[in-house]
2 protein chains.
Amino acid sequence: MRIGELATRTGVSVRALRYYEEQNLLASERSPSGQRQYPDSAVDRVQLIQQLYAAGLPSKSIADLLPCVVNGEATPELIHRLSAERDRIDSRIGDLVSARDRLGTVIAAATANWRTGQHCRLQ
Amino acid sequence: MRIGELATRTGVSVRALRYYEEQNLLASERSPSGQRQYPDSAVDRVQLIQQLYAAGLPSKSIADLLPCVVNGEATPELIHRLSAERDRIDSRIGDLVSARDRLGTVIAAATANWRTGQHCRLQ
DNA sequence: CTTGCCTCTGACGTCAGCGTCAGGTTTTAG
DNA sequence: CTAAAACCTGACGCTGACGTCAGAGGCAAG
């Protein structure tokens with residue numbers, strides 16, 4: 001398929017797809033006239049890239065790790081890298097959970113005091 | 001205390017503290033000569049700001065929500081905002097968990113196949 | 001054949017959360 | 001009193017993941 005279709009099927013902009021190629025995250029064949037051609041598997045690939053971006057990984061890390069995730073180019077060093085990224089994600093999750101709980105507490109207190117007295121005193 | 005001490009006590013740079021003030025996240029009294037003066041409570045405040053930044057909230061949202069979180073300025077609209085942010089954090093947590101699990105699967109497969117055959121085939 | 005949409009390659013713009021430098025004042029230590 | 005350290009206000013720089021515009025070529029339909 002061409003780049004426009006891949007964009008609509010993944011919900012990612014054309015510009016972003018070209019950017020992914022620039023960052024060596026997503027290869028493409030070229031038609032004789034120079035237009036990009038993608039196989040169907042590119043849809044999954046793009047979604048994987050999105051997921052890793054959403055996890056906070058920068059392009060460079062994704063580029064390093066994709067060969068392992070997709071093809072299984074597993075050197076001990078890459079496996080170590082993967083573990084490190086997973087641990088970073090884990091600690092980010094911890095941060096988010098504590099932030100969410102804090103907001104939860106505030107929300108509970110605020111709604112309770114809203115119903116009674118128009119004002120709450122926290123902390 | 002002055003800005004330098006607040007910086008060392010919170011682990012946040014002086015520049016960042018001035019930026020927080022610029023974004024209306026952190027107020028300060030001024031000495032006659034114009035230097036910023038902070039109460040002890042500013043330490044907690046800064047750590048709260050950090051926590052909300054870590055949760056992915058932009059300055060503007062934090063500025064809107066801080067009055068509620070700190071003083072309990074609880075209007076129904078603010079409470080709704082808080083709930084919305086909490087829900088966004090929740091879905092971010094979901095994204096991170098699935099990304100982490102995916103990396104976990106890859107790591108497990110890669111280490112197993114590394115021990116046996118030098119290569120793995122995933123997906 | 002031409003109209004209209006898709007695609008191409010640069011290349012500059014944007015936004016957030018600061019870093020950093022300049023040039024000047026204030027506070028503190030000796 | 002003086003030198004060093006801390007502070008002040010601009011203001012420009014930086015990074016990443018794109019948005020956007022310019023100018024030009026490609027391609028199916030009527």
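Order of the sequence lines fixes the chain letters, A, B, ..., with proteins taken first and strands second; residue numbering starts at 1 for each chain.
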Whole-Å distance between [N] [atom2] and [X] [atom1]?
X	N	atom1	atom2	answer
B/Q50	C/dC18	CD	C1'	11 Å
A/Y19	D/dG16	OH	P	7 Å
B/L17	D/dC7	CG	P	10 Å
B/E22	D/dG10	CD	P	10 Å
A/R18	D/dG19	CZ	C1'	12 Å
B/L6	D/dC8	CG	C1'	16 Å
B/E5	D/dA6	CD	C1'	12 Å
B/R30	D/dC8	CZ	P	6 Å

Please determine if A/E21 and A/R18 form a salt bridge, counting it only when a charged side-chain N lies under 4.0 Å from a carboxylate O.
-> no
Decide, yes or no, whether a salt bridge links A/D90 with A/R86 under the criterion of side-chain N to carboxylate O below 4.0 Å.
->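 No, A/D90 and A/R86 are not salt-bridged.
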Measuring to OP1 and OP2 of [N], would you say a side-chain N or O of [X] lies under 4.0 angstrom away?
X	N	value
B/S33	C/dT27	yes
B/Y53	C/dA16	no
A/R36	C/dT9	yes
A/S59	D/dA17	yes

In terms of side-chain heavy atoms of B/R15, which of D/dC18, C/dT20, C/dG17 is nearest?
-> C/dT20
Counting side-chain heavy atoms from C-beta on, which of C/dC18, C/dT7, C/dG17 comes nearest to A/R2?
-> C/dT7
B/V14 and B/A7: which non-hydrogen atoms are nearest, and at how many Å?
->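 Looks like CG2-CB, 3.8 Å.
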Among B/V70, B/L25, B/I62, the one residue meeting side chain to side chain contact (heavy atoms under 4.5 Å, CB included) with B/L48 | B/V70
Describe the nucleic acid contact of A/S31 in one word from base, sugar-phosphate, nothing, applying a heavy-atom distance below 4.0 Å.
->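 Contact class for A/S31: none.
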Taking atom types as modelled, is there a side-chain donor on B/S59 or B/Y53 under 3.5 Å from an acceptor on the other?
->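 Distance-only check passes for B/S59 and B/Y53.
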